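Throughout, protein chains are lettered first and strands after them, A, B, ... in sequence-line order, and every chain is numbered starting at 1. This structure is a prediction, so every number in the text was calculated from the model and none was measured.
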2 protein chains.
Amino acid sequence: MLQLTMTGEYAMRAMLHIASLPPRTVVPIAEISRAWEVPETFLRKIVGKLARGGLLKTVRGNGGGVALARLSREITLLDVVQAAEGPLALNACLTSPGACHRTPWCPVHPVWCEAQEKLREVLSSRSLEDLAKDASPANRPGVQRAAV
Amino acid sequence: MLQLTMTGEYAMRAMLHIASLPPRTVVPIAEISRAWEVPETFLRKIVGKLARGGLLKTVRGNGGGVALARLSREITLLDVVQAAEGPLALNACLTSPGACHRTPWCPVHPVWCEAQEKLREVLSSRSLEDLAKDASPANRPGVQRAAV
DNA sequence: TTTGAAGATGACAAAATTTATCCTCTTTGG
DNA sequence: CCAAAGAGGATAAATTTTGTCATCTTCAAA
């Protein structure tokens with residue numbers, strides 16, 4: 001359907017949560033699950049992918065949890081999406097060279113190439129640091145406060 | 001998986017086929033199926049969508065088939081993809097205003113908006129006329145010809 | 001050293017979507 | 001009338017997505 005799946009969406013929420021905490025904070029998966037409406041057992045699977053993708057490091061045992069494996073400034077949205085969903089490929093013909101035998105003469109192929117390139121540019125133009133800044137608690141509607 | 005489905009891919013092939021024939025040509029679905037390796041019964045369903053989307057007109061009965069409903073110059077790749085796959089929405093939060101309650105403060109939302117806008121630009125920048133020109137038989141490897 | 005919190009992992013299962021297929025009906029030119 | 005061709009509904013196979021569960025390992029603190 002040409003749409004991000006819940007896996008990718010949940011991955012972004014988790015990464016955003018972690019990135020908005022002080023650097024190096026280790027946070028339990030259960031906390032992220034609660035804060036962002038993500039099923040905990042499913043989130044564990046996704047965290048596994050993010051860890052194997054080198055975006056998160058995990059800490060086992062009591063007091064454990066997950067933390068960013070790199071500075072939030074050095075992780076882009078594209079990194080998150082690709083770690084969760086696999087390499088970006090807007091069309092099957094872009095999954096690997098030679099995936100489609102029509103590629104050498106297909107007039108549509110270059111258009112998909114260009115579209116994908118544009119998408120990559122946008123998704124890699126923002127780091128988690130940029131996003132976490134915009135998502136600082138001050139910008140969120142928390143508990144209703146009395147008017148001043 | 002953030003990827004075009006076969007439905008959209010087959011739709012493009014069909015539209016491209018029709019657009020590379022002389023204007024107003026009525027071509028049977030079976031011919032498109034044969035030429036582009038698309039299962040015929042499935043293609044019939046897709047043609048239905050393209051017709052309901054106003055991109056094709058169909059002609060029933062003996063000698064019938066399908067033809068472009070508009071000039072190939074006035075049909076873009078975006079039109080084809082949307083007629084086949086539904087409205088473009090790179091993320092669930094873009095399907096309708098208010099689809100996600102986080103949208104008002106979500107820092108990622110604007111990024112997806114921008115990405116989708118870029119994608120729309122690229123896909124709507126080429127008409128079927130442009131593409132059919134590039135796909136003219138001369139550019140395709142047909143039957144092997146003797147070297148001159 | 002026991003205990004309990006927390007992540008790792010593989011098997012399994014439910015649900016949704018995609019990708020078809022089949023059958024019957026209608027239309028239409030010859 | 002008849003054969004070609006699209007329309008449309010019901011159904012089904014295949015795949016992917018979205019989970020769940022049980023068991024195991026790790027680790028800090030009491």
Run through the side-chain heavy atoms of Ile, Leu, Val, Met, Phe, Trp and Tyr, join any pair under 4.5 Å, and report what else lands in B/V26's cluster.
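Result for B/V26 is B/V59.
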Mind jotting down which residue pairs meet the salt bridge (charged side-chain N to carboxylate O under 4.0 Å, His left out) criterion with at least one end in residues 80-91 of chain A? Sequence neighbours excluded, please.
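For residues 80-91 of chain A: none.
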Applying salt bridge (charged side-chain N to carboxylate O under 4.0 Å, His left out) as the test, list every pair that has at least one member in residues 42-57 of chain A; sequence neighbours left out.
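As it turns out, the salt bridge (charged side-chain N to carboxylate O under 4.0 Å, His left out) pairs with a partner in residues 42-57 of chain A, which skip direct neighbours, are A/E40-A/R44.
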Sugar-phosphate only, base, or nothing, as touched by A/G61 at under 4.0 Å among non-hydrogen atoms
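Result for A/G61 = base.
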Test: ring-ring contact (aromatic ring centres under 6.0 Å, His included). Region: residues 42-85 of chain B. Which pairs qualify, not counting sequence neighbours?
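Pairs touching residues 42-85 of chain B that pass the test: B/Y10-B/F42.
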Can A/K133 and A/E129 be counted as an ion pair, charged N to O under 4.0 angstrom?
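Judged by the 4.0 Å cut-off on N to carboxylate O distance, A/K133 and A/E129 do not form a salt bridge.
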Counterpart residues, side-chain contact (heavy atoms from CB on, under 4.5 Å), relative to A/S125 (two or more places apart):
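Residues passing side-chain contact (heavy atoms from CB on, under 4.5 Å) with A/S125: none at all.
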Which residues share a side-chain hydrogen bond (donor to acceptor under 3.5 Å, both in side chains) with B/R126, sequence neighbours left out:
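Expected list: A/E114.
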Grab the NZ-P distance between B/K49 and D/dG6 for me, whole Å please.
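From B/K49 NZ to D/dG6 P: 18 Å.
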Could you run down nucleotides 10-21 of chain D 5' to 3' and tag each one B, S or - for protein heavy-atom contact under 4.0 Å?
B------SSBB-
Span of DNA chain C, from the first to the last nucleotide whose atoms fall under 4.0 Å of chain A heavy atoms
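In short, chain A contacts DNA chain C from C/dG4 to C/dT18.
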Strictly below 4.0 Å: does B/R52 bring a side-chain N or O up to OP1 or OP2 of D/dG8?
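Yes, within the criterion.
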Please report, to 0.1 Å, the donor-acceptor pairs under 3.5 Å made by any side chain of residues 63-82 of chain B, with sequence neighbours excluded.
{"residue": "B/R70", "atom": "NE", "partner": "B/E74", "partner atom": "O", "Å": "3.2"}
{"residue": "B/R70", "atom": "NH2", "partner": "B/E74", "partner atom": "O", "Å": "3.1"}
{"residue": "B/R70", "atom": "NH2", "partner": "B/D79", "partner atom": "OD2", "Å": "3.3"}
{"residue": "B/T76", "atom": "OG1", "partner": "B/L78", "partner atom": "N", "Å": "3.3"}
{"residue": "B/T76", "atom": "OG1", "partner": "B/D79", "partner atom": "N", "Å": "3.2"}
{"residue": "B/T76", "atom": "OG1", "partner": "B/D79", "partner atom": "OD2", "Å": "3.2"}
{"residue": "B/D79", "atom": "OD2", "partner": "B/T76", "partner atom": "N", "Å": "2.9"}
{"residue": "B/Q82", "atom": "OE1", "partner": "B/L88", "partner atom": "N", "Å": "2.8"}

